[in-house]
Amino acid sequence: MFNRAVSRLSRKRPPSDIRDSDGSSSSSHQNPKSTDKWAASLENLLEDPEGVKRFREFLKKEFSEENVLFWLACEDFKKTQDKKQMQEKAKEIYMTFLSSKASSQVNVEGQSRLNETILEEPHPLMFQKLQDQIFNLMKYDSYSRFLKSDLFLKHKRTEEEEEEDPPDAQTAAKRASRIYNT
């Protein structure tokens, strides 16, 4: 009897190790809300797929979605290893965002001097200066408007409402019972 009790005790895990059935932690430590992360910096926003989605929605309404699309394309381009693939992506970026005939042309300094010769010897950082310009344009212009937009504020309110709803105590009790009594 004593050995069985000790055995059960040794299997018990501290609350920080308790996981829900989906593998997420059920401890009381919650991650900061996504809107709080997004509001902290444009970098945080661009690292979160949901943040990018919301930011794109906003930029689409402002007719400047091409800025974030260019930035994302450059991020993807920098990760490209294969030379042939790099040439294809460089050409696609140029034709889509930088060419005078581009379908989603971005407005960057020195754009009139750009031509297809830059595509002959592609390298991962070939668009870096242009990408930085677009990043700064977003950071000091559209990002601050995004944080004041109805789209962002509505998402923030939704998160806050979800946080206020108390978790189902009975479900939590059942989960704890199941974990500690196995």
Side-chain angles (χ1 to χ4, degrees), residues 13-80 89 92-94 96-98 102-109 111 124-125 127-180:
R13 292 171 280 175
S16 61
D17 287 348
I18 298 173
R19 304 270 174 215
D20 287 338
S21 58
D22 66 357
S24 63
S25 176
S26 28
S27 72
S28 59
H29 301 294
Q30 295 218 340
N31 291 336
K33 295 181 297 235
S34 58
T35 53
D36 289 343
K37 288 185 205 172
W38 301 347
S41 72
L42 178 57
E43 292 88 341
N44 288 350
L45 173 73
L46 293 173
E47 288 173 359
D48 181 355
E50 182 66 22
V52 169
K53 178 182 169 189
R54 301 294 176 162
F55 194 45
R56 279 186 63 186
E57 284 177 47
F58 171 76
L59 292 176
K60 198 178 287 189
K61 291 178 183 176
E62 291 213 333
F63 304 100
S64 59
E65 182 186 23
E66 68 277 358
N67 291 333
V68 75
L69 293 176
F70 172 73
W71 188 88
L72 291 167
C74 290
E75 284 297 294
D76 180 55
F77 176 77
K78 286 190 273 190
K79 297 173 188 165
T80 306
K89 286 184 179 186
E92 185 178 336
I93 289 171
Y94 178 80
T96 306
F97 302 106
L98 302 171
S103 57
S104 299
Q105 191 177 41
V106 292
N107 187 10
V108 289
E109 208 174 291
Q111 191 162 11
L125 299 177
F127 297 117
Q128 189 63 51
K129 282 185 180 180
L130 304 174
Q131 185 186 17
D132 290 345
Q133 284 182 41
I134 293 299
F135 179 84
N136 286 327
L137 177 69
M138 291 188 300
K139 183 175 184 173
Y140 297 110
D141 185 37
S142 46
Y143 172 65
S144 56
R145 286 196 311 279
F146 170 70
L147 296 178
K148 297 172 190 166
S149 72
D150 288 340
L151 195 143
F152 175 80
L153 296 172
K154 183 179 176 185
H155 190 71
K156 186 173 179 70
R157 277 193 301 273
T158 302
E159 276 188 344
E160 288 168 353
E161 288 168 5
E162 288 173 359
E163 193 175 79
E164 288 173 7
D165 292 341
D168 183 0
Q170 188 176 13
T171 304
K174 284 181 183 177
R175 189 171 49 243
S177 172
R178 189 172 59 242
I179 291 168
Y180 283 106

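We number each residue from 1, following the sequence as shown.
Distance check: Asn107 CG to Phe97 CZ gives 14.0 Å after rounding to the nearest 0.5 Å. Remark: Leu45 CG to Thr35 OG1 distance equals 11.0 Å, nearest 0.5 Å. Note: Asp132 CG to Trp71 CH2 = 10.5 Å, rounded to the nearest 0.5 Å. Of the inter-residue distances, the one linking Leu72 atom CG with Ile93 atom CD1 reads 10.5 Å to the nearest 0.5 angstrom.
Among residues two or more places apart in sequence or in another chain, the salt bridge (charged side-chain N to carboxylate O under 4.0 Å, His left out) test is passed with Glu159 by none. Looking at residues two or more places apart in sequence or on another chain, you find no side-chain hydrogen bond (donor to acceptor under 3.5 Å, both in side chains) involving Ser142. Contacts of Glu50 classified as salt bridge (charged side-chain N to carboxylate O under 4.0 Å, His left out), with partners at least two apart in sequence or in another chain: Arg54. With sequence neighbours left out, Phe58 forms a ring-ring contact (aromatic ring centres under 6.0 Å, His included) with Phe146. The side-chain hydrogen bond (donor to acceptor under 3.5 Å, both in side chains) test applied to Arg157 returns no partner, not counting sequence neighbours. Under the side-chain contact (heavy atoms from CB on, under 4.5 Å) criterion, Ala102 pairs with Ser99, Gln105, not counting sequence neighbours. Under the side-chain contact (heavy atoms from CB on, under 4.5 Å) criterion, Asp36 pairs with Lys33, Lys156, sequence neighbours left out. Contacts of Asp141 classified as salt bridge (charged side-chain N to carboxylate O under 4.0 Å, His left out), with partners at least two apart in sequence or in another chain: Arg145. Evaluation of the side-chain contact (heavy atoms from CB on, under 4.5 Å) rule for Thr158 yields Glu162 as partners, not counting sequence neighbours. Residues that satisfy the side-chain hydrogen bond (donor to acceptor under 3.5 Å, both in side chains) test with Lys154, not counting sequence neighbours, are absent from this structure. Partners of Glu75 under the side-chain hydrogen bond (donor to acceptor under 3.5 Å, both in side chains) rule, at least two apart in sequence or in another chain, are Lys78, Gln131. Here Asp48 pairs with nothing under the salt bridge (charged side-chain N to carboxylate O under 4.0 Å, His left out) rule; sequence neighbours left out.
Counting heavy atoms from C-beta on, the side chains of Pro124 and Thr80 never come closer than 4.5 Å. Using a 4.5 Å heavy-atom cutoff, the side chains of Met138 and Ser64 are not in contact. For the pair Arg56/Leu59, no side-chain contact is recorded, criterion being any heavy-atom separation below 4.5 Å from C-beta on.
The shortest heavy-atom contact between Leu42 and Phe135 is CD2-CE1, 3.5 Å. For the residue pair Leu130 and Glu109, the shortest heavy atom distance occurs at CD2-O, 4.1 Å.
A side chain to side chain contact (heavy atoms under 4.5 Å, CB included) with Ile134 is found for one member of Val106, Leu69, Val68 and no other, namely Val106.
In this pair, Phe70 and Phe127 present their aromatic rings perpendicular. The plane angle is above 60°, beyond the 30 to 60° band.
More than 12 heavy atoms of other residues, nucleotides or ligands lie within 6.0 Å of CD in Gln128, so this atom counts as buried by the packing criterion.
Looking only at distances, no side-chain donor or acceptor of Tyr143 sits under 3.5 Å from a matching main-chain atom of Phe55.
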I would like to know whether Glu65 and Ser104 meet side-chain contact (heavy atoms from CB on, under 4.5 Å); could you show each step before the answer?
CA-CA 9 Å; Glu65 182 186 23; Ser104 299; over 6 Å; no

